[in-house]
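Down below is the structure, laid out as structure tokens.
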2 protein chains.
Amino acid sequence: MKTKRVSIKDIAQKVGVSNATVSLVLNGKEEEGRIRKEVAAKVLQAAKELNYEPNNFARGLRMGRSNTIGLILADISNSFFAHIAFYIQEYADEYGYSVIITNTNESGDKMGKMINVLKSHQVDGFIIVPTEDGEEDIRELIDQKTPVVLLDRYFPHLPVSHIVVNNYHASFEATNLLLDSECQNIALLIYNNKLAHMTDREKGYREALVKRNYYKPELVKKITYNTIEEDISTAIKSLLLEQPKVDGIFFATNTISAIGIKELLKQHVRIPEDIKVVCFDKNEAFDFMPFQIPYVQQPIQEMSRKSVDILMEQIKQSSAIPTTMEMFASMSNKS
Amino acid sequence: MKTKRVSIKDIAQKVGVSNATVSLVLNGKEEEGRIRKEVAAKVLQAAKELNYEPNNFARGLRMGRSNTIGLILADISNSFFAHIAFYIQEYADEYGYSVIITNTNESGDKMGKMINVLKSHQVDGFIIVPTEDGEEDIRELIDQKTPVVLLDRYFPHLPVSHIVVNNYHASFEATNLLLDSECQNIALLIYNNKLAHMTDREKGYREALVKRNYYKPELVKKITYNTIEEDISTAIKSLLLEQPKVDGIFFATNTISAIGIKELLKQHVRIPEDIKVVCFDKNEAFDFMPFQIPYVQQPIQEMSRKSVDILMEQIKQSSAIPTTMEMFASMSNKS
DNA sequence: AAGTATAAATAAAACGTTTAAGCAACTTTT
DNA sequence: AAAAGTTGCTTAAACGTTTTATTTATACTT
């Protein structure tokens with residue numbers, strides 16, 4: 001059996017004061033509670049001796065706050081999100097907040113479920129990387145006045161704080177990079193996903209090409225998350241048959257990049273001699289290729305920090321109006 | 001302001017019964033509480049209508065349990081651990097438990113801190129990937145009879161449940177793989193780390209070589225976690241000067257592998273023609289190399305499952321004796 | 001000397017659950 | 001018909017905090 005916990009009452013008894021006094025001291029409210037220094041010292045001393053640890057249940061019950069935020073990620077085993085988790089935890093800690101991390105695996109059902117799990121833990125707010133069909137769940141949260149910040153993705157018609165990179169702009173730039181290196185037949189591999197961050201990426205690609213009159217709809221290949229391997233393999237093979245020959249490919253996510261490049265190598269395509277490649281987000285694997293792969297670099301750290309900052313703002317004054325923050329990505333090859 | 005939460009009392013009022021009745025029904029204790037079906041139905045109905053969500057603080061306070069476990073990882077951005085996090089969450093969920101994930105970044109200080117954070121959240125138990133200097137912290141947990149399971153690493157003299165792969169055996173096998181492909185001068189790059197899982201790996205390597213009389217202490221290079229890049233670069237360069245020429249390298253972790261191979265490529269070493277390589281743990285990057293890299297494959301999924309199972313056992317009956325589970329890794333090239 | 005301000009501490013309620021114990025009102029057993 | 005058991009529900013305490021309102025003691029004004 002766990003040894004019985006020591007409570008405020010035990011300290012009070014030992015020092016010979018009331019519960020209230022102990023609580024006041026322990027919370028550093030000696031000033032407003034006007035506790036004598038000597039008493040405060042004795043209380044702290046006793047607390048140390050008894051090895052007191054506050055009971056968060058009681059505190060949470062009483063205060064209605066948990067000092068915990070819920071972080072809902074789409075795929076924790078994707079290094080992009082893993083890093084986000086890392087930083088968010090770091091920054092939340094600075095505010096004295098802990099983070100409960102959960103994972104949806106891009107499933108909307110699971111997102112709803114995770115929201116409930118976290119709600120039942122009385123988190124004070126959410127940072128969410130929402131799934132495609134998660135709009136309704138988010139709307140519910142907003143209706144309940146729950147502080148929530150969306151990260152990486154957003155719903156254009158939902159009045160909710162979100163931190164995203166300007167995906168349109170980043171993709172525009174990335175595509176231009178290919179154009180600037182003489183590519184004329186540039187393909188896009190992108191998720192078949194209605195979320196704005198994805199459609200923005202496609203738009204950036206398209207407009208860059210349209211501007212130079214190089215846009216060819218048949219070079220846009222849509223990938224389904226659940227059949228990603230086959231879809232990419234099929235797409236690449238089909239692209240290799242195109243005439244005129246495809247000379248550039250823009251991969252719209254790091255997972256697509258990884259699998260796509262693997263497939264290109266398998267088909268003995270030389271990068272960048274035969275086909276030049278640009279990716280969205282870094283992939284560890286890039287370091288190991290005998291060629292350099294330019295990629296869109298999202299400011300993960302700043303995005304994480306901002307999302308924590310904004311959430312804290314919302315928690316503090318839950319009437320806060322939604323804050324939208326759009327950041328700019330940079331290309332890895334110029335920095 | 002958040003709309004006021006609906007509590008059991010509200011349901012009781014609406015249906016016209018007592019708190020106790022509602023609680024009993026909500027917890028599925030209608031049988032032992034002997035509540036009539038019709039009343040139970042009305043309560044459930046009302047709960048749904050009012051959109052009732054239980055207050056975990058109150059429940060936790062009363063019950064002394066949180067139905068939450070704390071997961072402390074050494075490095076969440078390492079894909080090995082990220083996957084562990086993923087699976088553990090999955091399995092804990094099956095038990096009706098949530099998981100709070102935290103990260104130590106291999107720092108012992110931080111591990112102590114994280115334990116406290118999680119304790120203050122009243123987690124019912126811990127799954128920990130301990131840091132090198134974390135033995136004392138773990139011992140404290142044991143002394144307090146806190147259910148805890150170590151994962152991936154362990155302290156041989158600590159009576160605590162742990163799930164690990166047989167690192168000795170795996171390394172022995174891995175080294176043999178190089179020996180079997182005619183290597184005679186096989187180097188090892190490994191962390192300068194006293195944790196048993198590391199020393200076991202070294203031992204496996206050593207004994208495989210000693211057995212064939214190929215062991216050369218100067219081919220073992222120790223890497224410090226905090227200066228990993230320089231150390232590996234130095235080590236590789238030094239190894240390339242050895243006579244007779246090094247013809248095989250065993251990298252003892254996936255991070256070391258990644259950086260090590262990068263350095264080899266930088267030095268224009270051809271793999272596997274000049275030097276054959278074997279790694280501990282998979283690295284995503286391996287998929288992209290024009291050559292195949294054999295690696296030790298830990299049964300991540302089973303390890304995760306077992307650690308959850310065992311922790312649950314410990315939580316249920318806190319008198320449970322520590323369970324040690326040693327699993328066997330396989331080589332990636334035969335499966 | 002009486003009144004008033006200030007300092008230092010306390011009492012007690014409240015947060016929302018769970019659950020042991022209790023109490024009617026029946027039903028069965030003796 | 002009294003005793004014993006069963007059924008169905010309620011009462012009330014307890015979990016450990018925080019915090020408002022209150023009390024007591026002391027110091028300062030007039």
Side-chain angles (χ1 to χ4, degrees), chain A residues 1-44 46-47 50-68 119-122 124, chain B residues 1-44 46-47 50-68 119-122 124:
Chain A
M1 277 306 299
K2 288 186 82 150
T3 55
K4 197 175 155 293
R5 289 185 66 98
V6 16
S7 76
I8 278 192
K9 211 180 294 179
D10 300 315
I11 302 180
Q13 223 144 42
K14 174 159 182 164
V15 179
V17 295
S18 73
N19 281 2
T21 304
V22 175
S23 173
L24 256 6
V25 171
L26 258 27
N27 289 299
K29 305 215 174 139
E30 308 159 35
E31 290 307 304
E32 69 186 85
R34 294 165 307 203
I35 312 292
R36 268 182 304 156
K37 295 266 177 254
E38 325 146 38
V39 175
K42 278 207 284 186
V43 166
L44 291 171
L50 294 177
N51 199 17
Y52 169 74
E53 287 178 20
N55 184 321
N56 245 291
F57 288 140
R59 178 178 281 165
L61 177 58
R62 173 60 223 234
M63 312 237 287
R65 284 188 299 104
S66 61
N67 274 20
T68 304
K119 266 206 241 164
S120 84
H121 278 266
Q122 331 292 139
D124 297 338
Chain B
M1 278 303 299
K2 287 186 82 149
T3 55
K4 198 173 155 293
R5 288 184 65 99
V6 17
S7 76
I8 279 191
K9 212 178 294 177
D10 300 315
I11 302 180
Q13 223 143 43
K14 173 157 186 169
V15 179
V17 294
S18 73
N19 281 1
T21 304
V22 175
S23 173
L24 256 6
V25 171
L26 258 26
N27 288 299
K29 303 212 175 145
E30 310 158 33
E31 292 303 306
E32 70 184 84
R34 294 164 308 208
I35 312 293
R36 269 182 303 156
K37 295 270 177 249
E38 325 145 37
V39 175
K42 278 207 283 189
V43 166
L44 291 172
L50 294 177
N51 200 14
Y52 170 74
E53 287 179 21
N55 183 322
N56 246 292
F57 288 140
R59 176 179 281 164
L61 177 58
R62 173 60 222 238
M63 311 240 286
R65 284 187 299 102
S66 62
N67 273 20
T68 305
K119 267 208 241 161
S120 84
H121 278 265
Q122 332 291 137
D124 296 338

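Order of the sequence lines fixes the chain letters, A, B, ..., with proteins taken first and strands second; residue numbering starts at 1 for each chain.
Taking the salt bridge (charged side-chain N to carboxylate O under 4.0 Å, His left out) definition, one finds that B:Arg65 meets it with nothing, sequence neighbours left out. Scored by the salt bridge (charged side-chain N to carboxylate O under 4.0 Å, His left out) test, B:Lys42 finds no partners at all (sequence neighbours excluded). Listed by chain and number, the residues in a side-chain contact (heavy atoms from CB on, under 4.5 Å) with B:Ala20 are B:Ser18 (sequence neighbours excluded). By the side-chain hydrogen bond (donor to acceptor under 3.5 Å, both in side chains) test, B:Glu53 pairs with A:Lys119, sequence neighbours left out. For A:Arg62, there are no salt bridge (charged side-chain N to carboxylate O under 4.0 Å, His left out) partners at least two apart in sequence or on another chain. Scanning for side-chain contact (heavy atoms from CB on, under 4.5 Å) contacts around B:Lys14 gives B:Ala46, B:Glu49, B:Leu50, with sequence neighbours left out. With sequence neighbours left out, B:Asn55 forms a side-chain hydrogen bond (donor to acceptor under 3.5 Å, both in side chains) with no residue at all.
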Protein and nucleotides 17-21 of chain C: nitrogen or oxygen contacts under 3.5 angstrom:
unit_1 : atom_1 : unit_2  : atom_2 : d
C:dT17 : OP1    : B:Tyr52 : OH     : 2.6
C:dT17 : OP1    : B:Asn55 : N      : 3.4
C:dT17 : OP2    : B:Ile8  : N      : 2.6
C:dT17 : O5'    : B:Tyr52 : OH     : 3.1
C:dT18 : OP1    : B:Asn27 : ND2    : 3.4
C:dT18 : OP1    : B:Arg59 : NE     : 2.8
C:dT18 : OP1    : B:Arg59 : NH2    : 3.2
C:dT18 : OP2    : B:Ser23 : OG     : 2.7
C:dT18 : OP2    : B:Asn27 : ND2    : 3.1
C:dT18 : O2     : B:Arg62 : NH1    : 2.0
C:dT19 : OP2    : B:Lys29 : NZ     : 2.9
C:dT19 : O4'    : B:Arg62 : NH2    : 3.3

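Taking atom CZ on B:Arg36 and atom P on C:dC26, their separation rounds to 12 Å, with Å as the unit. Remark: P of C:dG16 and CG of B:Asp10 are 8 Å apart, rounded to the nearest angstrom. Nucleotide D:dT17 holds its P atom 18 Å from the CD atom of A:Gln122, rounded to whole Å. In this structure, A:Gln13 atom CD and D:dG16 atom C1' are separated by 14 Å, rounded to whole Å. Here D:dA13 presents its P atom at 17 Å from CG of B:Leu61, a figure rounded to the nearest Å. Counting to the nearest Å, the P atom of C:dG22 and the CZ atom of B:Arg34 are 14 Å from each other.
Of all the heavy atoms in B:Asn19 and B:Ala12, the pair that sits closest is OD1-CB, 3.7 Å.
Rounded to 10°, the angle separating the first-five-pair axis and the last-five-pair axis of the helix from C:dA1-D:dT30 to C:dT30-D:dA1 equals 60°.
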